[in-house]
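Heavy-atom basis, side chains included; hydrogens, waters and symmetry copies ignored. Residue indices begin at 1 and follow the sequence shown.
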Amino acid sequence: MLVSKSSTPSIDTTLYFDMLEQAADGVVIIDPLNHVVFFNTAAEQLWGCSAADVIGKNVNCLVPLEQRAQHDGYINHNRNTGVNRIVGTSREVVFTRTNGDYVAAEMSISTAIIGPDKQRYYMAFLKGVTEDSHRRKILDLQNRVFHELSGESPEQDIADMLCSEAEQLVPNSVAALLLVTPEHNLEILSGEGLSRRKIAMLMRITLTDADITALAQSPTEARDIVWSADADNAQENEFLDCWASAICNGAGELIGIFALYSRNRDKITNWPQKIVAGCVPSCAAIIERGKTRQQLSRLDRYDALTGLLNRTAVTTILKDMTLQAKDAPFALLVLDVDLFQDINNLMGYDKGDALLQTMAQRLTAQCRSNFITGRLGGDDFVVIIPNGDHDIANAFADSLTVAMRDPVIINNQELIISLSIGISLYPDDGMEVEHILNRAEMAMLEAKKTARKSFRLLGSIANDDVRARVIIGSALRKAIQDSELELFYQPQISIKNNLLYGVEALSRWHHPTLGTIPPSRFIPIAEETAQIEAIGLWSLEKACAQIVEWDAMGLHVPIVSVNLSAAHFSNPSLTEQIVNMLTRHQLAANRLTIEITEGGMMQQNTETMSTLMALREIGVGLSLDDFGTGFSSLSRISHLPLTEIKIDRSFIINFEKDVSSLIVTEAAINIGKRLGVHVVTEGVEDTFQEARLRTMGCDVMQGYLFARPMPPGDLLHWVQTKPTFTP
């Protein structure tokens with residue numbers, strides 16, 4: 001029969017008794033009644049109690065409280081059935097020391113039949129593995145946290161999970177994750193076990209600059225912050241101790257505190273603080289993820305440059321407002337900074353951004369607290385005036401116009417800025433959000449067109465015209481993206497030999513629902529909406545590819561002329577773009593002529609002249625289009641690197657009735673000859689005009705008399721069947 005540590009063993013058992021007593025691992029032996037009959041020194045150290053406190057008691061006094069009721073049943077099942085689920089195996093067990101400390105041990109159990117009565121005894125060997133267990137469980141907890149962070153779980157839920165797991169690692173404790181606000185106050189992200197009094201105490205704390213510095217340098221100083229207030233009320237304190245650590249982000253900035261409060265009266269290990277330190281990286285990740293999501297949410301609603309609501313957020317607010325009762329009207333103002341693109345071009349985009357920020361600040365300063373302000377994009381802003389009517393909107397627009405007169409200092413330069421403002425009213429101007437916005441934008445465009453630094457509320461007549469421009473401008477942008485535009489080509493005939501001199505590429509647009517839209521309609525809109533450059537570059541690319549395709553068919557078209565606007569020549573990379581196109585299509589430069597209107601050519605600024613000279617140097621032809629309709633002087637024309645001039649059709653159509661047209665045309669032809677360039681006349685529609693132009697010495701003719709603009713596939717047939725024109 002085994003004996004207790006306090007009894008006198010027989011000589012035969014003394015050796016075994018001493019060996020078990022001195023074993024490094026804890027040894028516990030129980031008898032058939034599940035009473036403890038042996039409890040060595042190592043076991044005393046594990047549980048923090050003496051053998052005298054345990055010998056003779058049911059072994060369930062050593063197991064966690066929540067498992068004691070079922071513990072005898074587990075052992076008796078093994079005794080009665082012989083089914084061994086724990087005997088001969090090794091597993092980790094956790095229990096609480098008498099002082100409340102958490103302990104983990106690796107336990108293996110043996111059993112033996114002893115004595116004449118063949119009674120079954122169990123012997124447990126326990127090796128303390130608390131530190132290894134904690135490290136493993138903290139690592140598992142960190143992995144769980146980062147797995148949750150990679151999903152869609154809210155930060156609140158992840159923080160609650162982390163705190164709950166920490167509380168399991170330190171029984172009889174309460175964990176809390178606290179955020180440090182920009183105002184240096186504490187905000188509780190998770191702390192379900194905290195009492196209202198404790199929460200109130202924590203939320204009253206305001207960190208000083210000295211606190212912030214100390215916590216960043218020594219994270220464990222956080223205990224003094226979250227515990228000192230309780231120390232002043234020890235008699236009322238619900239907790240007996242606390243461990244805490246500051247939480248910093250990657251830049252070393254204080255972002256939070258993780259605290260673990262304990263109700264255990266004593267402690268002999270520092271593992272709770274190690275657990276807190278092990279949880280800090282996970283806490284930092286949770287807080288940073290929350291801040292990132294807040295920033296992304298803000299980006300979703302706010303404009304990054306000005307801090308105002310963005311277009312999406314404004315649209316959402318407008319939808320909510322239109323869902324209210326119809327007797328809740330509002331006024332909508334769209335504001336555009338006049339000549340903003342010129343400021344960008346002159347001073348640079350960073351200075352343009354600075355100007356927009358200044359305008360946003362001024363706009364906000366002028367708005368009342370219930371006004372809603374936003375940035376629609378670019379240099380367009382919006383203001384929504386709840387319960388605003390015609391008079392209120394006009395008065396506010398007028399005050400804005402006055403407020404913007406004060407100079408703005410950008411890059412040490414004083415700028416006078418003005419706004420063009422468009423106004424629409426709900427529900428008078430429509431019930432749908434997009435319709436209301438469009439009305440205000442159309443009114444703004446009307447103000448910009450008629451008189452900058454003014455405001456407009458569309459009238460019914462202006463509405464139709466501006467609406468059409470907006471619709472066409474929007475459709476044109478999509479047409480460019482979806483390749484709805486196409487090029488037609490009109491032949492040009494050489495007077496000398498009646499052969500094909502070249503073709504002019506002309507843009508054509510047939511919209512699926514709007515039908516055919518003439519160039520005279522969509523080209524001006526393209527210029528207004530800054531889409532003309534995209535159309536010009538597309539035309540160049542398409543024309544170069546087409547002339548190469550004709551060559552492959554055996555159709556030689558000497559020259560293709562493409563119209564570009566004055567805006568293209570302000571682009572310093574235009575020459576490089578054209579060189580790349582010619583190289584890509586392996587096309588000689590002299591087979592491409594670029595047409596620019598007289599008004600555009602006459603700007604003669606440094607950038608334009610440099611581009612024109614560069615194009616001539618690479619061999620590209622330059623044609624002065626619509627010659628005679630502008631007011632340029634001959635001295636200025638003589639300095640342009642031209643290869644041809646085109647006389648506008650307005651002079652040709654009046655040959656028979658207007659002698660002045662004949663005189664002007666003949667003078668223009670003579671000017672061309674003196675300049676040494678080809679003279680092309682467009683708009684030739686009858687044989688009378690043709691004959692007079694031949695007499696005057698015109699070089700090239702173009703017009704309906706010879707051919708209308710045609711798709712590229714029809715040109716070969718036209719060349720093969722065209723009539724021969726003779727002088």
Side-chain angles (χ1 to χ4, degrees), residues 295-318 331-385 393 396-424 436-438 440-449 451-456 470 473-474 477 528-531 533 567 570-571:
Q295 291 172 350
L296 291 175
S297 176
R298 181 172 179 83
L299 288 176
D300 285 342
R301 286 181 50 80
Y302 292 91
D303 173 57
L305 179 65
T306 63
L308 302 179
L309 292 168
N310 59 25
R311 187 182 188 105
T312 301
V314 169
T315 302
T316 300
I317 292 172
L318 285 172
L332 176 69
L333 289 79
V334 171
L335 309 88
D336 181 89
V337 181
D338 294 327
L339 303 176
F340 178 71
Q341 189 58 49
D342 290 344
I343 296 171
N344 266 342
N345 294 337
L346 177 65
M347 306 182 69
Y349 285 91
D350 57 333
K351 302 302 185 296
D353 288 346
L355 173 61
L356 291 178
Q357 290 172 333
T358 301
M359 302 305 288
Q361 293 166 4
R362 287 192 179 183
L363 178 61
T364 303
Q366 293 297 313
C367 292
R368 296 180 181 175
S369 59
N370 66 327
F371 287 15
I372 299 163
T373 58
R375 181 185 178 206
L376 297 179
D379 58 330
D380 287 348
F381 297 90
V382 64
V383 176
I384 304 171
I385 305 177
F396 179 68
D398 189 52
S399 67
L400 274 181
T401 302
V402 173
M404 295 302 170
R405 292 175 183 170
D406 293 337
V408 178
I409 306 300
I410 301 291
N411 199 27
N412 295 323
Q413 293 189 17
E414 188 176 276
L415 302 177
I416 305 297
I417 304 301
S418 64
L419 296 176
S420 294
I421 304 173
I423 304 172
S424 64
I436 301 166
L437 267 173
N438 283 340
E441 288 175 342
M442 288 188 290
M444 179 271 292
L445 290 174
E446 188 69 14
K448 188 174 287 289
K449 178 183 177 183
R452 289 190 176 95
K453 62 180 180 182
S454 64
F455 55 90
R456 291 286 185 276
V470 171
S474 177
R477 193 177 305 278
E528 287 180 16
T529 57
Q531 300 181 77
E533 287 192 64
S570 298
N571 181 358

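Applying the ring pair (Phe, Tyr, Trp, His ring centres under 6.0 Å) rule to pairs touching residues 353-380 yields F371-F396, sequence neighbours excluded. The stretch residues 363-381 participates, sequence neighbours left out, in these side chain to side chain donor-acceptor pair (under 3.5 Å) pairs: D303-R375. Within the structure, salt bridge (Lys or Arg N to Asp or Glu O under 4.0 Å) pairs that include any residue of residues 344-362 do not occur (at least two apart or interchain).
Not counting sequence neighbours, the partners of R311 by the salt bridge (charged side-chain N to carboxylate O under 4.0 Å, His left out) test are E441. By the side chain to side chain donor-acceptor pair (under 3.5 Å) test, E533 pairs with no residue at all, sequence neighbours left out.
For the atom pair CG (L419) and CG (D338), the distance works out to 6.5 Å, reported to the nearest 0.5 Å. The CG atom of L309 sits 5.5 Å away from atom CZ of R301, with the distance rounded to the nearest 0.5 Å. For the atom pair CG of L363 and OG1 of T306, the computed distance is 9.5 Å after rounding to the nearest 0.5 Å. Distance check: C367 SG to I384 CD1 gives 10.5 Å after rounding to the nearest 0.5 Å.
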Q: For T315 and L437, run side chain to side chain contact (heavy atoms under 4.5 Å, CB included): C-alpha distance rounded to whole Å, both residues' side-chain angles, the deciding distance at 0.1 Å, then the answer.
A: CA-CA 9 Å; T315 302; L437 267 173; 4.2 Å; yes
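Considering every non-hydrogen atom in both I385 and A393, the closest pair reads CD1-CA, 4.4 Å. Pairing each heavy atom of D336 with each of M444, the nearest pair is CB-SD, 3.4 Å.
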Name the atoms and distances for all side-chain donor-acceptor pairs under 3.5 Å in residues 354-361, with sequence neighbours left out.
{"unit_1": "Q357", "atom_1": "NE2", "unit_2": "L305", "atom_2": "O", "d": "3.3"}
{"unit_1": "T358", "atom_1": "OG1", "unit_2": "A354", "atom_2": "O", "d": "3.1"}

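Here the side chains of N310 and Y302 are not in contact, with every heavy-atom distance at 4.5 Å or above. In this structure the side chain of V383 never reaches within 4.5 angstrom of the side chain of I421, judged on heavy atoms.
Remark: side-chain polar atoms of S424 are paired, donor with acceptor, to backbone N or O of I436 under 3.5 angstrom.
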